[in-house]
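Quick notes on the structure that follows.
Naming convention: chains lettered A, B, ... in sequence-line order (proteins, then strands); numbering from 1 in each chain. Nothing here was measured: the structure is a model prediction, and the numbers come from that model.
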Amino acid sequence: MIHLYDTLEGEVRELRLRDEGRVGIYLCGPTVYDLPHLGHGRHALVWDVLHRWLAFEGLEVNFVSNVTDIDDKIINRAAREGISEEAVTTRFENEWWRALEALGVAPPTHAPHATAYVAPMIEVIAALIERDVAYSTDDGVYFDVSRVEDYGRLSGQSLESLKSGARVEANEAKRSPLDFALWKLAKPGEPSWDAPFGAGRPGWHTECVVMSLELLGEGFDLHCGGLDLKFPHHENERAQASALGRPFARHWGHHGWVMVGEEKMSKSLGNFTSLTDLLATTDPRAYRLLVLRSHYRSPLEVTPETIADAERSLERLDALARRFALAPLAGEHLELASDHDFSGPAGQLRGRIASALEDDLDTPQAVAKLFDATSQANVMADRGDPRGAAQLARAVGALFGAMGLRLHTSDDEVDETSADLLAKREAARSAGDYSEADRLRDVLAGHGWLIEDTPTGSVLRRA
RNA sequence: GGCGGCGUGGCCGAGUGGUUAGGCAGGGGCCUGCAAAGCCCCGUACUCCGGUUCGAAUCCGGACGCCGCCUCCA
């Protein structure tokens, strides 16, 4: 079974499943009030790789990732643009799924909307009030963090140190600056749901704790998200579950930042590139490869240069796919190891990839091994072992597919004119008329084609 | 102030007490009519200063520089 770094324990440890053969994962999803940026892309990709790999290995994966569709930011944006909250959330949720699809992220098993779970959220808040862990003020219901014994454990800080660092002026009505909102009473004109403690809307931390428990059940396997969610979001989810006496996530995973220069990419810093912009100009697979070649817990430098670097390195992999005419893999659906042939050297390769990934999702190691195998397959082919080479190449393709990276074969549609030009060049070449052959190659280049002369004939591919 | 992290060759980016990361870029060669693709060879890095050690980029201490969380944030 895979070993992952568990933020709560502070060590890499085996992911011990609640139910044999089945794994339940909750990934905190987006608040849909703006375009997704590269940081969200890494977030989706990192956990997509885990999702895909576990499924590849034959586990039944219940992958839940929510959409937060009620939030102050949504309300603010709607007010600013003079449109409804629904108009905002619909637009940006569509953008979200479009971007993820383009990145080749497998859809979650469930993608709950917060607004569909308000009733159970109200129940949870009522139960917390009943236990005297939550209290009402004139603007909402707050959670009393002092009532949770180990509050701060996930973030590795004591209640005292968290208090001393609190930057925000204490809300007069709150008992502690660290107490967080479970329910916010609606101001005039704001969307609201009726509740015993007043019409309003749920707080973000309550949304995730409720949806994860509703869809995955108590003691589910893994709760993950970006490092910035560790505190306060995940800490607060944990606090609520703990106060209710409900077993929560058995394991916590957090991934690192996307960096721009030496700064974290974030909306508040205004230095983000939207995924929409990236995908308009770049092969989305390049971003996945970039994410794969760094460790998920490390910061990752993303600049036009590093993206371009990854795009070029992808060409080498696509060349392999062309050379061995690999079948396309890893689209929307999840690859299964059982659908592939891993006999002989292919099996050894699979074993190496498995040990890398099972060691805290060591994708850089896995990628390095797959590049090594790529060279090896080419060498085998060059040295007269086409069968062995093809078998290894297929394994490379399948294992990249297991991580969601789909290699491209030369599936470019060649139009008649270009095919004709290619045939003419072939004729000129055989006749020894190389200047004519080169001229025709230039003409084809003008149409965006590159020629590769192989032992079995010349082929065109898009430049 | 509290807590956590980082500093690796031209660039990105792994890793580890002594044995090749990997990719991209660059140089040389093979193959090719010439290319493309592929193959072979090459750089010999680890912020600085001490210490531990037979041996440290890897452990310990210190210095310097940088980043993040503690507020909405993937």
Looking at Y135(A), does the NZ or CZ of R175(A) lie under 6.0 angstrom from its six-membered ring centre and within 45 degrees of the ring axis?
yes

What's the closest nucleotide to the F371(A) side chain, out of rA74(B), rC34(B), rG23(B)?
rG23(B)

Pairs where residues 248-258 of chain A contributes a residue and the test salt bridge (charged side-chain N to carboxylate O under 4.0 Å, His left out) is met, not counting sequence neighbours
D221(A)-R250(A)

Enumerate the salt bridge (charged side-chain N to carboxylate O under 4.0 Å, His left out) contacts for residues 437-447 of chain A, please, sequence neighbours excluded, ordered by first and then second residue.
E436(A)-R439(A), D438(A)-R441(A)

Whole angstroms only, please: what is the NE2-P distance between H223(A) and rA74(B)?
13 Å

Length of the NE2-P vector between H40(A) and rA74(B), whole Å:
4 Å

Would you kindly give the CD1-to-P distance between I25(A) and rA74(B), to the nearest whole Å?
19 Å

Scan residues 280-297 of chain A for pairs that pass salt bridge (charged side-chain N to carboxylate O under 4.0 Å, His left out), counting only residues two or more places apart or in two chains.
D48(A)-R288(A), D283(A)-R285(A), R285(A)-D318(A), R293(A)-D309(A), R297(A)-D360(A)

State whether E85(A) and R77(A) are salt-bridged, where the test is any N-O pair (Lys NZ or Arg NE/NH1/NH2 against Asp/Glu carboxylate O) under 4.0 Å.
no

Nearest 0.5 Å please: distance from the CD atom of E301(A) over to the CD1 atom of I307(A).
11.0 Å

Starting at atom CH2 of W257(A), determine the distance to atom C1' of rC69(B), rounded to an integer number of angstrom.
8 Å

Name all residues meeting the side-chain contact (heavy atoms from CB on, under 4.5 Å) criterion together with E190(A); count only those two or more places apart in sequence or in a different chain, and write none if there are none.
I75(A), A186(A), K187(A), R201(A)

Donor/acceptor link under 3.5 angstrom from R441(A) side chain onto base of rA35(B)
yes

List in chain and number order the residues that pass ring pair (Phe, Tyr, Trp, His ring centres under 6.0 Å) with H233(A), two or more places apart in sequence or in another chain; answer none if no residue qualifies.
W204(A), H205(A)

If you look at every strand shown and take non-hydrogen atoms under 4.0 Å, does V258(A) touch a base, only sugar-phosphate, or nothing?
base

Tell me the interatomic distance from R322(A), atom CZ, to rA37(B), atom C1', rounded to whole angstroms.
7 Å

Identify each atom pair where a protein N or O and an N or O of nucleotides 38-42 of chain B are less than 3.5 Å apart, giving names and distance.
{"residue": "rG38(B)", "atom": "O3'", "partner": "N378(A)", "partner atom": "ND2", "Å": "3.2"}
{"residue": "rG38(B)", "atom": "O2'", "partner": "R323(A)", "partner atom": "NH1", "Å": "3.3"}
{"residue": "rG38(B)", "atom": "O2'", "partner": "D382(A)", "partner atom": "OD2", "Å": "2.6"}
{"residue": "rC39(B)", "atom": "O4'", "partner": "D382(A)", "partner atom": "OD2", "Å": "3.1"}

Return one dot-bracket line describing RNA chain B 5' to 3' (Watson-Crick or G-U wobble pairs, both distances under 3.5 Å; ( ) same strand, [ ] crossing, | another strand, . none).
(((((((..(((.....[...))).(((((.......)))))....(((((..]....))))))))))))....

Using a cut-off of 4.0 Å between protein heavy atoms and nucleotide atoms, how would you tag nucleotides 2-16 of chain B 5' to 3' with B, S and -?
BS-------BSSS--

Set of residues satisfying ring pair (Phe, Tyr, Trp, His ring centres under 6.0 Å) with respect to F220(A), sequence neighbours excluded:
H223(A), F248(A)

Going by ring centres under 5.5 Å and near-parallel planes (under 30°), is Y434(A) stacked on rG33(B)?
yes

For the pair made of CG in L178(A) and C1' in rC70(B), what is the distance, rounded to whole Å?
9 Å

Side chain of D438(A), base of rG33(B): donor and acceptor closer than 3.5 Å?
yes

Sequence neighbours left out, what passes side-chain contact (heavy atoms from CB on, under 4.5 Å) with D382(A)? Give chain and number order.
R323(A)

Apply salt bridge (Lys or Arg N to Asp or Glu O under 4.0 Å) to R98(A) and list each qualifying residue two or more places apart in sequence or on a separate chain.
E95(A)

Between D442(A) (CG) and rA36(B) (C1'), how many Å, whole number?
13 Å

So what does H37(A) hit on the nucleic acid, given a heavy-atom distance under 4.0 Å: a base, only sugar-phosphate, or nothing?
base

What contact category does H255(A) fall into here, base, sugar-phosphate, or nothing, at under 4.0 angstrom with non-hydrogen atoms?
base

Please list all pairs passing the salt bridge (charged side-chain N to carboxylate O under 4.0 Å, His left out) test where one or both residues lie in residues 362-373 of chain A, with sequence neighbours left out.
none

Would you mind reading off the distance between L444(A) atom CG and rA36(B) atom C1', rounded to a whole angstrom?
13 Å

